[in-house]
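Following this message is one structure expressed as structure tokens.
Indexing begins at 1, ligand by ligand and atom by atom, following the structure's order. Keep in mind that this is a model prediction, so the values were computed, not measured.
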Amino acid sequence: METICAQIKVYGIVQGVGFRPFINRIALEHGLNGWIRNTSYGAGIEVEGSGENIQSFIKAIRRDHPAAAMIEKIEHTLVDEVKGFKRFVIAESESTGKRRTLISPDLGICDDCLKELKDPSNHRYGFPFINCTNCGPRFTIIRDIPYDRKNTTMGRFAMCPSCRDEYSDIRDRRYHAQPDCCFDCGPELRLLDGSYNLVEGDPIKEAAAALKDGKLVVVKGIGGFHIAGRADSPEIAARIREIKKRDERPLAVMARSIEDARSMVKLSADEEEALTSFRRPIVLLKKLNNSDYTYLSENNYLGIMLPYTPLHYLLMEDIPALIMTSANTSDMPIIYTNPEAADKLKGMADYFLIHNRRIETRCDDSLMWVLDGKDYPVRRSRGFVPYPVKAPVEEGVLACGAEQKASFTVTREGMAFPSQHIGDLKNAETFDNWESQIRHFEKLFDIDVKNIVCDMHPNFLSTEYAVNRGMKDKLPVMKVQHHHAHMAACMGDNGLEEPVIGIIWDGTGYGTDGTTWGGEFLAGDYKDFRRMGSIKPIRLPGGDKAIKEIWRTGASILEDAGLDSSVFFIGGRADRIRDVLEADINCPVSTGMGRLFDGVAALLGIKTESSYEGQGAVLLEAAAGRSRGEYPFDIRMEKRWIFDYSRMLGCICRELYEARDIGLIAADFMNTLITMSVQMCEKISAETGFKKVVLSGGSFQNMYIMERLPERLRSAGFQVYTHSRVSANDEGVSFGQALIASHRIRKEEE
Ligand code: ZN
Ligand code: FE
């Protein structure tokens, strides 16, 4: 058998994820000698052996690489001269080229560690902090680069001799696993009671027993604290909602296993894969029966995740499902330190299960749907962040995003780093966290900010920060229209450069004319856009008040359509609104799709006061029955195409009077929006010739529409693109801003 020599270049994220020991192992398995080293582009490998073995070695790299590695491409060339390597070694890292770190996200426990955790003969049997090069905390424990133990919150735990041996042994799967530890040298758990007094006994056993017994336990996790309690108990859910200030939003559930999850929700193979991936996100899954678990979620979906830390597995041995909701009150950032947990939750929970491994960086659980076999992110956070998203971005852009579902994005050439979910900046603590995370990212990823980009909204706190920072650091600040950023985000998510039609629906965004937009049909690219169409502007009597008191919007759209709102909104409220509308005092206009959903939800009596953003829309979707009907409507030209829904509202009023089923009306309403969108796109395409359509904005978290609109557009001859790497809601705005800013920078340089 002829011996040949091959040089292999692996591009992507292969450092700090257990890649070199993996290559070492499979080289030996394939009878290959040679070396591997870290390089500026990834990893360089040289191996000698039979051609057949080298080929299957390359296949194995592609197929079996560590879960957290991200391989972009593998190049290989044959070398003429065989060097006669005697063994396989890990060579010194190549120091030429700019060394730039990439940091792995936090990784859910791997199968090998899980096996050891449950093996009574293993010295880490039952050890709640077991991890290896393939799993464990990363992003949330890193304080500085390079990624060495001393630069993580594990730095204060000196390794015992046995862990040190593993750490230094190239053949060991804990070789260079920075957070490696065991009972002798690792962090320790403590169980405290509701008044924060130490509870004697085994903390895990006691905590598990308490949970089983229906108690509320605050549990320290990876990126923050959770409040946990039995998922089968409406009383527990009510107690948790009380702590979270009567928050009506759905509560996430941690199911012990896929089988336990299957007893609560429908699961496709793709959804199962998402649940079990090392990222361990919360996946929004259809309840078996819509009326099940309404105390957990008032819509048709349950957010479910699987255990992702060894501690979770140990706690859940006897409990099939726990409510596992982030420990924070609405709008506050997730609690992540022991003193903060004590300070804010003492006396509210029954127990606290804490430990002394510090969390450096807050990171909430990620949240997503699976749509057409792909991720459809709502909240891109733990398990995803801080992986970069490949995109045509320039070096050194800081994109400050929107305000409510705040994020930011920093860039290196060709790589965008969207931040984790941060929250509503109007909350001072959240803002501080956002600001300190910007600095943290700049440091970790060695970003030298040269350009700042923000939203056009003059009052967004992110805009204010951008302007101030620009002045202070003497940097240019660009402003980008909100829905243009959404459109660019979806283009970048799909690698599109050519012009598109953007259907951009959300609640609120500042328009170029100073009014509020949000039910938009745009045409354009990264460079520019034109507002081709929108829904008919809605007057919001009372301004911001109408965002919560959505019955106001309901009354307003009826009055504007020439219908009598007092039939539906009784008690004199509608009369007052009519006066306000007539006098036109404090009635700002909005084309927000979220507002139209609010108005119709209120009209149908589904919800008249909204307690969280989008609640009206969420409940309207949940109420929708099976109907393929739709309502009449008009699209007319007034500088742009306007969707006039007056005739639709007339029909809805008549059907309400005739007591038609609310669910059917809700479905027909959404069907009308779908047909209207197809017609709008046809009109815009006739004018522009564009055939590609991107869907973005928070209103596209409506699965009724997401399951139907793309299909309808495709049958009308359009190519449709949806999000799969960043969120459709305002969290994705910073990514879109970074793309638009990068395009402008390139143009200036040309
Ligand atoms: Zn592991
Ligand atoms: Fe938005």
Side-chain angles (χ1 to χ4, degrees), residues 17-18 21-22 66-69 104 106-119 122 124 127-138 163 166-167 172-182 186 222 278 280 307-311 313 378 400-407 424-425 454-457 460 462-463 480-490 502-511 516-520 522 534 547 590-595 597 613-614 617 694-702 723 726-737:
V17 290
F22 156 74
S104 159
D106 303 297
L107 311 169
I109 183 172
C110 72
D111 291 344
D112 291 334
C113 284
L114 197 52
K115 222 177 280 160
E116 289 184 4
L117 182 74
K118 293 179 175 168
D119 173 8
N122 191 284
R124 286 196 184 83
F127 179 55
F129 301 97
I130 191 168
N131 68 82
C132 71
T133 45
N134 286 323
C135 73
R138 298 285 188 278
C163 284
E166 292 172 327
Y167 180 88
D172 196 281
R173 66 187 186 84
R174 294 199 169 86
Y175 174 69
H176 282 186
Q178 304 302 343
D180 186 22
C181 57
C182 69
I222 291 284
F278 69 87
R280 291 288 205 280
Y308 53 87
T309 69
L311 177 58
Y313 276 98
V378 176
C400 297
E403 183 174 79
Q404 252 200 7
K405 292 186 164 60
S407 73
D424 188 344
L425 298 184
C454 63
D455 199 274
M456 263 183 185
H457 200 302
F460 272 1
S462 51
T463 304
V480 168
Q481 199 278 325
H482 186 87
H483 304 96
H484 187 202
H486 272 304
M487 183 174 92
C490 196
I503 308 183
I504 314 297
W505 291 352
D506 63 5
T508 297
Y510 192 80
T516 299
W517 297 4
E520 307 306 309
L522 311 180
S534 81
I547 309 281
S590 165
T591 55
M593 184 54 85
R595 301 291 82 81
F597 268 91
E613 198 213 356
V694 298
L695 306 184
S696 191
S699 299
F700 286 113
Q701 283 163 197
N702 179 316
H723 283 284
V726 299
S727 174
N729 67 38
D730 278 7
E731 190 184 293
V733 162
S734 66
F735 176 64
Q737 289 172 347

To the nearest 10 degrees, could you say what angle the Zn ion (ligand 1) makes with SG of C113 and SG of C132?
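Seen from the Zn ion (ligand 1), SG and SG are separated by roughly 110°.
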Residues in ring-ring contact (aromatic ring centres under 6.0 Å, His included) with H176, at least two apart?
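By the ring-ring contact (aromatic ring centres under 6.0 Å, His included) rule, H176 matches Y167.
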Interatomic spacing from NE2 in H482 to CE in M487 - rounded to 0.5 Å:
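If we round to the nearest 0.5 Å, H482:NE2 and M487:CE are 13.5 Å apart.
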Heavy-atom nearest pair, R173 first then C113, reads NH1-SG, 3.5 Å
The Fe ion (ligand 2): which protein N, O or S atoms are under 2.8 Å away?
H482 NE2, H486 NE2, D506 OD2, D730 OD1
Salt bridge flag under 4.0 Å for residues R174 and D112
no
Under a 4.5 Å cut-off applied to non-hydrogen side-chain atoms, are H486 and V694 in contact?
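A side-chain contact under 4.5 Å is absent here.
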What class does the angle between the rings of Y510 and H457 fall in, given that below 30° is parallel, 30 to 60° is tilted and above 60° is perpendicular?
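Geometry flag for H457 against Y510: tilted rings.
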